[in-house]
Amino acid sequence: MTNLDGRVALVTGAARGIGAEIARTYARAGARVGVLDLKEDLTRDTVAAIKDAGGQAIGLGADVSDTGDVERAVERLVQEFGGLDIVVNNAGVTRDNLLFKMTEDDWDTVMAVHLRGTFLVTRAAQRIMVERRYGRIINISSTSALGNRGQANYSAAKAGIQGFSRTTAIELGPFGITVNSIGPGYVDTEMTRATAERLGVPVDRRLAEIASTLPVRRVGRPADIANAALFLAAEEAGFVTGQVLYVDGGRSVR
Ligand code: NAD
């Protein structure tokens with residue numbers, strides 16, 4: 001198994017879903033993990049699961065779109081664990097609507113969390129990484145970057161994350177820092193279950209419908225994304241940078 005012994009990782013949006021699974025996976029691999037979500041209270045379950053399994057983690061309450069929150073969270077993590085080697089920009093929200101019904105607030109909220117959040121966390125983290133001449137930054141994009149009805153805001157933000165990752169890969173590469181994106185396809189989490197409920201479709205039926213359209217004939221699990229994030233976080237992945245790794249059961253090639 002990939003070894004992250006001695007590494008310090010920060011995972012945003014890690015109270016639940018894909019972020020929680022990445023945090024637990026990194027801790028199992030030996031990293032000490034900053035589990036960041038909107039409020040420290042929300043991180044309790046993920047932190048407890050890591051500690052119960054013998055790992056080390058702290059909960060950090062911060063809104064990734066708030067500069068002060070982000071700076072304080074990164075500072076606290078560095079003080080607590082003495083560095084920062086791996087960042088996963090995973091925090092996310094959806095405000096789906098067809099374009100003609102999309103409000104400015106739907107647009108601004110999605111841009112703030114995904115794009116501004118990824119920018120602020122990466123900018124804070126790279127200061128420490130550049131000094132240490134080492135870093136792994138993993139930004140969670142989506143197959144929606146390729147286009148998805150009802151998600152003009154989310155699709156634009158997730159495509160933006162890919163451009164941001166490519167450019168920061170160029171700027172930070174000389175300092176031993178890689179930057180890559182993961183593009184998950186449909187993963188069964190509270191985010192996607194909420195979408196099914198909003199559409200008035202029973203969750204199981206929606207999962208089965210989506211699975212039937214995919215080459216691998218199943219929807220994704222958080223662990224599918226966490227396994228890819230573990231590969232990209234490894235020291236051995238140091239020649240992989242500026243890439244988008246779609247983890248989507250074949251959605252992007254079907
Ligand atoms: P989720 O809704 O289950 O979890 C998202 C987490 O982010 C929550 O804990 C939430 O509190 C946190 N969060 C939201 N806004 C935040 C903010 N401003 N600051 C800090 N934390 C914040 O979602 P998920 O399905 O686990 O998705 C995780 C990531 O993967 C997101 O970026 C999402 O866009 C992306 N993604 C998900 C899927 C999918 O099918 N589930 C597919 C492609 C991409």
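Just so you know, these numbers come straight off a predicted model, no measurement behind them. Only heavy atoms go into these numbers, but all of them, side chains included; no hydrogens, no water, no symmetry mates. Whatever order the structure lists ligands and atoms in, that order sets their numbers, starting from 1.
Atom 6 (C) of ligand 1 has as its closest protein heavy atom Gly13 O, 3.6 Å. Scanning all protein heavy atoms for the shortest distance to atom 31 (C) of ligand 1 gives Asn90 O, 3.1 Å. Among all non-hydrogen protein atoms, the one lying nearest atom 30 (O) of ligand 1 is Ile140 CG2, 3.4 Å. Closest to atom 11 (O) of ligand 1 among all protein heavy atoms lies Asp37 OD1, 2.6 Å. Looking only at heavy atoms of the protein, atom 17 (C) of ligand 1 is closest to Leu38 CD2, 3.4 Å. Among protein heavy atoms, the minimum distance from atom 3 (O) of ligand 1 is reached at Arg16 NE, 2.9 Å. For atom 22 (C) of ligand 1, the nearest non-hydrogen atom of the protein is Ala91 CB, 3.6 Å. Looking from atom 18 (N) of ligand 1 to the surrounding protein, the closest heavy atom is Asp63 OD1, 2.9 Å.
Between Thr103 and Asn97, every side-chain heavy-atom pair lies at or beyond the 4.5 Å cut-off. Considering only heavy atoms from C-beta on, Val88 stays 4.5 Å or farther from Thr12 through its side chain.
In this model, a donor atom of one side chain and an acceptor atom of the other lie less than 3.5 Å apart for Asn89 and Thr122.
When each atom of ligand 1 is checked for a heavy atom of Ala62 under 4.0 Å away, the hits are 19 (N), 20 (C). Shown in contact with Gly17 at under 4.0 Å from a heavy atom are these atoms of ligand 1, numbered in order with element: 26 (O).
Without hydrogens or angle criteria, Asn139 side chain to Ser181 main chain gives no donor-acceptor distance under 3.5 Å. Judged by distance alone, the side chain of Asp37 and the main-chain N or O of Lys39 form no donor-acceptor pair under 3.5 Å. In terms of modelled atom types and a separation under 3.5 Å, the side chain of Glu21 and the main chain of Ile18 share no donor-acceptor contact.
Looking at Thr67, Asp69, Asp63 one by one, the single match for side chain to side chain donor-acceptor pair (under 3.5 Å) with Ser65 turns out to be Asp63.
Between Val64 and ligand 1, at least one N/O pair is under 3.5 Å apart. In terms of polar-atom proximity, defined here as any N/O pair under 3.5 Å, Val187 does make such a contact with ligand 1.
With a 4.0 Å cut-off on non-hydrogen atoms, Thr192 touches ligand 1 through its side chain and not its backbone. Of all the heavy atoms of Ala112, none lies under 4.0 Å from any atom of ligand 1, so neither backbone nor side chain is involved.
The two atoms that bring Val70 and Ala124 nearest to each other are CG1-CB, 4.1 Å, heavy atoms only.
Using a non-hydrogen distance threshold of 4.0 Å, Gly220 does not register as a contact of ligand 1.
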Inset, instruction - Please assess Asp188 against Arg193 for the test side chain to side chain contact (heavy atoms under 4.5 Å, CB included), listing each intermediate value before the final yes or no. - result: CA-CA 7 Å; Asp188 182 15; Arg193 282 177 179 252; 2.7 Å; yes

